[in-house]
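Being a predicted model, the structure only gives us computed values, none of them experimental. Both backbone and side-chain heavy atoms feed into the values below; hydrogens, waters and symmetry mates do not. For the single chain, residues carry numbers from 1 onward in sequence order.
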Amino acid sequence: RLRWIALGAAVLLLGGVAAALVLAQRTIAANRDRILAAAEAGLGRRVQVEGIDVRLLGRPGVRLTQVAIAEDPAFGSEPFVQARSATVVPRLWPLLEGRIEIARIELDRPRVRLVRGADGAFNYAGIARRSEEAATGAPA
């Protein structure tokens, strides 16, 4: 009898995980443009991805495939960052409260183009400045 209860609980749990995965995939697909617009606003650069998938098992996250982040036009036209994939892992507690805070970003086969201009500034300075302004609440 206990075995049947455990089996039933496992089936319900797997069904719940599958339903959550389908719902998350549909939500991501429906909001793809908004997600990319938010990434572009945060970075101040154009972001291109081929695909967006949700990962629920293990640590929840979003996996982006064929990622390219545009370069600051003052430093050229080649992408600033390219990667085969990027996994964005949110902090769980804020996510349960309806806020998104990034705990970690993992890049697979990244290619980062670092350039130093004649004035001594690096091509990543604009992104770093935006990040500091966001952390302090100063306008971007």
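- You'll find the side chain of L43 stays beyond 4.5 Å of the side chain of F80, heavy atoms only.
- Side-chain atoms of V88 and I102, non-hydrogen and from C-beta on, do get closer than 4.5 Å to each other.
- Contact record, G61 with P90: CA-CD, 3.9 Å, taken as the closest heavy-atom pair.
- Here the side chains of L36 and V49 are in contact, with some heavy-atom distance below 4.5 Å.
- Looking at N123 and E71, their side chains come closer than 4.5 Å, going by heavy atoms from C-beta outward.
- Note on E40 versus R45: no salt bridge recorded, every NZ/NE/NH1/NH2 to OD/OE distance being 4.0 Å or above.
- Rounding to the nearest 0.5 Å gives a distance of 7.5 Å between CG of L64 and OG1 of T87.
- Side-chain contact check for V62 versus I52: some heavy-atom pair is nearer than 4.5 Å.
- No path of Ile, Leu, Val, Met, Phe, Trp and Tyr side chains, each step under 4.5 Å between heavy atoms, connects F75 with L114, placing them in separate hydrophobic clusters.
- When atom types are taken as modelled, the side chain of T65 and the backbone of S85 share no donor-acceptor pair closer than 3.5 angstrom.
- Here the straight-line distance linking atom CD of Q66 with atom CD of Q82 works out to 9.0 Å at 0.5 Å rounding.
- The shortest side-chain heavy-atom distance between R111 and R84 does not fall under the 4.5 Å cut-off.
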(request) May I have the step-by-step check of side chain to side chain contact (heavy atoms under 4.5 Å, CB included) for R113 and V115, ending in yes or no? (result) CA-CA 6 Å; R113 185 174 173 266; V115 179; 3.7 Å; yes
